[in-house]
A.B. asks: 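Below are the structure tokens for one structure; questions will follow.
A note on names: the letters A, B, ... follow the listed sequences, proteins ahead of strands, and every chain is numbered from 1.
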Amino acid sequence: MTKDVVVLDYGSGNVRSAVRALERVGASVTLTADPVAALACDGLFVPGVGNFHACMAGLAAAQGPRIIDRRLSGGRPVLGVCVGMQVLFEGSTEPSATPVEGLGEWPGTVERLPAAVVPHMGWSEVEVPSGSALLRGVEHERFYFVHSYAVQHWTLEPSGAFVRVTPKVTWARHGAPFVAAVENGPLAATQFHPEKSGDAGATLLENWVRSL
Amino acid sequence: MPVATRVIACLDVDAGRVVKGVNFENLRDAGDPVELAKVYDAQGVDELTFLDVTASSGNRETTYDVVRRTAEQVFIPLTVGGGVRTVDDVDRLLRAGADKVGVNTAAIARPELIAEIAERFGAQVLVLSADVRRRIGDDGRPTDDFVMTTHGGRTPVDLDAVEWCARAAALGAGEILLNSMDADGTKDGFDLELIRRVRAAVSVPVIASGGAGRVEHFAPAVAAGADAVLAASVFHFGELTVGQVKDALRAAGVVVR
């Protein structure tokens with residue numbers, strides 16, 4: 001059965017590629033900011049580029065936080081990409097005249113990459129944990145990254161309620177190791193752009209769409 | 001492993017058509033930028049750059065259409081430059097499906113444009129396209145001083161190229177497309193001194209452009225500090241494939257995808 005995916009349209013950069021890349025792997029895709037459609041779809045794709053705080057503000061204006069919360073409480077899948085992943089953490093050190101907090105779905109702060117050349121722009125390898133469903137079949141491929149900030153410390157210890165649902169964390173490196181992808185039940189995210197990562201990216205998106 | 005050195009193919013596009021002829025076989029329409037983009041994608045190119053040389057602004061719609069069709073069929077990053085003057089121009093290109101936008105002449109005329117674009121869309125969308133020439137000395141020979149030019153290299157500007165690149169990066173350019181107008185078209189290799197100077201002055205990625213003729217030209221550009229290498233005509237005319245360039249880079253110890 002064809003899976004319905006909504007790409008959340010809240011005024012963030014090039015979303016056309018995300019729509020087409022998802023259609024290419026068989027999803028029926030709608031680009032919209034309509035909260036009803038964003039709640040009802042099988043999978044919600046949350047894009048995001050530019051400044052963390054501007055992105056978060058745009059997301060908030062589109063009721064994004066509420067939509068994401070509601071979906072997650074019902075176990076309904078959400079995939080955040082690039083800054084769409086960063087806003088799932090608690091906050092960012094990226095400069096802003098009007099700093100705002102992130103969604104805090106995961107603990108951690110988005111910080112500037114300590115590398116000689118920033119932005120990290122290009123194709124990098126990733127270190128995929130065993131059992132990753134999202135990156136199945138593309139564990140040894142490179143993915144396309146464009147970012148200056150990233151989460152460099154994963155602090156969610158597998159304890160208490162999380163023992164049985166430990167999030168799977170994929171790492172990459174640019175100046176320091178950073179979180180490149182997270183799979184956590186219905187909530188998944190990538191710092192890289194699967195929609196711009198050629199065939200490897202298509203496989204990842206296909207893995208996600210099939211899981212919906 | 002570090003981020004892979006990118007190999008970028010550039011296409012000059014005029015009113016929706018590739019400017020120069022090509023000799024790729026099996027192309028339905030060798031003048032269609034979308035068809036060529038697919039060929040380069042299949043060859044393993046890491047990024048594509050379209051340089052829009054459309055003179056008339058009335059034909060801009062054709063450019064947006066080409067960007068749209070490319071973004072719908074090729075799933076690697078696409079930069080579009082040429083004639084970008086305002087934040088609205090950037091918005092339209094991003095909406096059409098461009099991932100990055102190159103600015104050149106308009107930013108020299110009004111440097112605040114860089115900050116405006118970076119603030120609205122983020123530094124990662126903004127490629128400073130720098131067309132650079134060596135200043136001609138009193139003896140009529142090229143010196144080691146680099147100056148900016150505008151309008152496709154035709155108009156020299158009294159602006160030090162290395163300082164301009166550093167200033168543009170400080171204003172919010174996420175990347176420098178460094179094009180040597182002296183080396184461009186010579187096929188004698190990249191201007192390595194220019195790459196070294198700009199590399200030392202900025203911490204954003206630097207794309208080396210201009211002068212590529214043979215596979216052995218690419219590794220020295222990387223050694224000089226380039227994060228990416230760009231070529232147009234050698235790919236366009238089928239003299240080199242992206243794969244050959246990557247093999248040569250790999251053989252020289254450069255990490256490629």
A.B. asks: Find the N and O donor-acceptor pairs between chain A and chain B that sit under 3.5 Å apart.
C.D. replies:
{"from": "N14(A)", "atom 1": "ND2", "to": "G97(B)", "atom 2": "O", "distance (Å)": "3.1"}
{"from": "N14(A)", "atom 1": "ND2", "to": "D99(B)", "atom 2": "OD1", "distance (Å)": "2.8"}
{"from": "R16(A)", "atom 1": "NE", "to": "R95(B)", "atom 2": "O", "distance (Å)": "3.4"}
{"from": "R16(A)", "atom 1": "NE", "to": "A96(B)", "atom 2": "O", "distance (Å)": "3.3"}
{"from": "R16(A)", "atom 1": "NH1", "to": "E72(B)", "atom 2": "OE2", "distance (Å)": "3.0"}
{"from": "R20(A)", "atom 1": "NE", "to": "E72(B)", "atom 2": "O", "distance (Å)": "3.0"}
{"from": "R20(A)", "atom 1": "NH2", "to": "E72(B)", "atom 2": "O", "distance (Å)": "3.2"}
{"from": "V118(A)", "atom 1": "N", "to": "S203(B)", "atom 2": "O", "distance (Å)": "2.9"}
{"from": "M121(A)", "atom 1": "O", "to": "R6(B)", "atom 2": "NE", "distance (Å)": "3.4"}
{"from": "W123(A)", "atom 1": "O", "to": "A4(B)", "atom 2": "N", "distance (Å)": "3.0"}
{"from": "W123(A)", "atom 1": "NE1", "to": "D46(B)", "atom 2": "O", "distance (Å)": "3.1"}
{"from": "R142(A)", "atom 1": "NH1", "to": "P2(B)", "atom 2": "O", "distance (Å)": "3.4"}
{"from": "Y144(A)", "atom 1": "OH", "to": "E47(B)", "atom 2": "OE2", "distance (Å)": "3.0"}
{"from": "Y144(A)", "atom 1": "OH", "to": "K100(B)", "atom 2": "NZ", "distance (Å)": "3.3"}
{"from": "K196(A)", "atom 1": "NZ", "to": "I76(B)", "atom 2": "O", "distance (Å)": "3.1"}
{"from": "K196(A)", "atom 1": "NZ", "to": "D99(B)", "atom 2": "OD2", "distance (Å)": "2.7"}
{"from": "G198(A)", "atom 1": "N", "to": "F75(B)", "atom 2": "O", "distance (Å)": "2.8"}

A.B. asks: Report the option among L94(B), V74(B), V206(B) that has the most heavy-atom pairs separated by less than 4.5 Å from atoms of chain A.
C.D. replies: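 Between L94(B), V74(B), V206(B), the count favours L94(B).
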A.B. asks: Can you tell me which portion of A169(B) sits under 4.5 Å from chain A's heavy atoms? Options are side chain, backbone, both or neither.
C.D. replies: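 Neither part.
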A.B. asks: Side chain, backbone, both or neither: which part of V90(B) has an atom under 4.5 Å from a heavy atom of chain A?
C.D. replies: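 For V90(B), there is no contact with chain A at all, as no heavy atom is under 4.5 Å.
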A.B. asks: A118(B) versus chain A, heavy atoms under 4.5 Å apart: side chain, backbone, both or neither?
C.D. replies: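 Contact with chain A is absent: no heavy atom of A118(B) under 4.5 Å.
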A.B. asks: Side chain, backbone, both or neither: which part of P2(B) has a non-hydrogen atom closer than 4.5 Å to chain A?
C.D. replies: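 The answer is the backbone of P2(B).
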A.B. asks: Can you say whether V204(B) sits under 4.5 Å from chain A via the side chain, the backbone, both, or neither, judging by heavy atoms?
C.D. replies: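 For V204(B), heavy atoms of backbone and side chain both lie under 4.5 Å from chain A.
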A.B. asks: Indicate the atoms forming the closest heavy-atom contact of V117(A) with P205(B), along with that distance.
C.D. replies: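 Closest approach of V117(A) to P205(B), heavy atoms only: CG1-N, 3.5 Å.
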A.B. asks: Please rank G175(A), A115(A), A21(A), A54(A) by heavy-atom pairs under 4.5 Å with chain B and give me the top one.
C.D. replies: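 Most heavy-atom pairs under 4.5 Å with chain B: A21(A).
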